[in-house]
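So you know, we letter chains A, B, ... as the sequences are listed, proteins then strands, and number each from 1.
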Protein chains: 2
Amino acid sequence: MKARVFVTLKTGVLDPQGKAIGHALNGLGFDAVGEVRQGKVIDIELAGSDEAKARGDLKAMCEKLLANTVIEKYEIELKG
Amino acid sequence: MKARVFVTLKTGVLDPQGKAIGHALNGLGFDAVGEVRQGKVIDIELAGSDEAKARGDLKAMCEKLLANTVIEKYEIELKG
């Protein structure tokens, strides 16, 4: 089973890297670009086919290692 | 319009960061974890509502700034 985990800064937490990307895009002439936020995406290959177990494991992985839940939030996406 | 851009290393390009995450997860007892790859996710707020134009702009942004297309690939997701 393949899983994709997104780890992004919580709303309200300053994101200087995202801001820098936004400014750079504006500078390149992309005027339509407004707010930009940057985060991490982690693609994980999981053995087994029990979706509920996988989801539970992924949640535990995020809480324990992948995300700093003080300032970051995570989303989990399973793709069969 | 909100867009989400994924920038990940091309298949075949070594990903030491992903490997480190994989090892750490295995070490924490998540034995089902196989290959792990890490990438970037960039959330972009775009003015205007022309989806085709937005898609074209985002492609140009990826080619010019967001991705190093020698070693990275990108995916674009538009969400209304």
Side-chain angles (χ1 to χ4, degrees), chain A residues 1-11 15 17-67 72-75 77-79, chain B residues 1-11 15 17-67 72-75 77-79:
Chain A
M1 202 174 342
K2 274 175 186 280
R4 180 162 258 192
V5 175
F6 305 104
V7 179
T8 48
L9 286 168
K10 285 185 179 168
T11 327
D15 178 6
Q17 201 167 357
K19 267 211 153 37
I21 296 172
H23 282 300
L25 288 172
N26 289 148
L28 283 171
F30 296 107
D31 300 318
V33 172
E35 214 202 345
V36 178
R37 310 274 292 172
Q38 209 220 290
K40 282 174 282 188
V41 58
I42 301 157
D43 288 311
I44 301 176
E45 190 82 54
L46 281 170
S49 58
D50 182 343
E51 194 168 314
K53 185 183 177 301
R55 221 168 259 282
D57 279 357
L58 286 163
K59 196 159 182 282
M61 289 178 209
C62 288
E63 299 281 345
K64 282 193 193 163
L65 183 82
L66 302 179
E72 290 172 327
K73 60 183 176 355
Y74 57 84
E75 293 160 61
E77 215 178 83
L78 274 176
K79 11 185 193 174
Chain B
M1 204 172 342
K2 275 174 185 282
R4 180 161 259 191
V5 175
F6 306 103
V7 179
T8 47
L9 287 167
K10 284 183 179 168
T11 328
D15 179 6
Q17 202 167 357
K19 267 211 154 40
I21 296 172
H23 282 301
L25 288 173
N26 288 148
L28 282 171
F30 296 107
D31 300 318
V33 172
E35 213 202 344
V36 178
R37 309 273 292 171
Q38 208 220 291
K40 280 174 283 187
V41 58
I42 301 157
D43 288 312
I44 301 177
E45 189 82 54
L46 281 170
S49 58
D50 182 343
E51 193 168 314
K53 186 185 177 301
R55 220 168 260 281
D57 279 356
L58 287 163
K59 196 159 180 285
M61 289 178 208
C62 288
E63 299 281 345
K64 282 193 193 162
L65 183 83
L66 302 178
E72 290 172 330
K73 60 182 172 5
Y74 57 85
E75 293 161 60
E77 214 177 85
L78 274 176
K79 9 186 194 173

More than 12 heavy atoms of other residues, nucleotides or ligands under 6.0 Å from CD of Q17(B): is that the case? no

Tested for side chain to side chain contact (heavy atoms under 4.5 Å, CB included) against D43(A), the lone hit among D15(B), T8(B), L9(B) is T8(B)

Heavy-atom neighbours of K19(A) NZ exceed 12 at 6.0 Å: no

For L25(A) and L65(B), the nearest pair of non-hydrogen atoms, with its separation, is CD2-CD2, 3.6 Å

Cut-off 4.5 Å, heavy atoms of chain B, and the answer for A54(A) is neither

*asked:* Could you check whether atom NZ of K53(B) has more than 12 heavy atoms from other residues, nucleotides or ligands sitting under 6.0 Å from it?
replied: no

So, the part of L66(B) with a heavy atom under 4.5 Å from chain A: the answer is side chain

Residue from G22(B), A47(B), G39(B), G34(B) scoring the most non-hydrogen pairs under 4.5 Å with chain A is G39(B)

- With a 4.0 Å cut-off, would you call R4(A) and E75(B) a salt bridge? yes

When every non-hydrogen atom of V41(B) is compared with those of F6(A), the smallest separation belongs to CG2-CD2, 4.4 Å

Any side-chain heavy-atom pair from V33(A) and L46(B) closer than 4.5 angstrom? yes

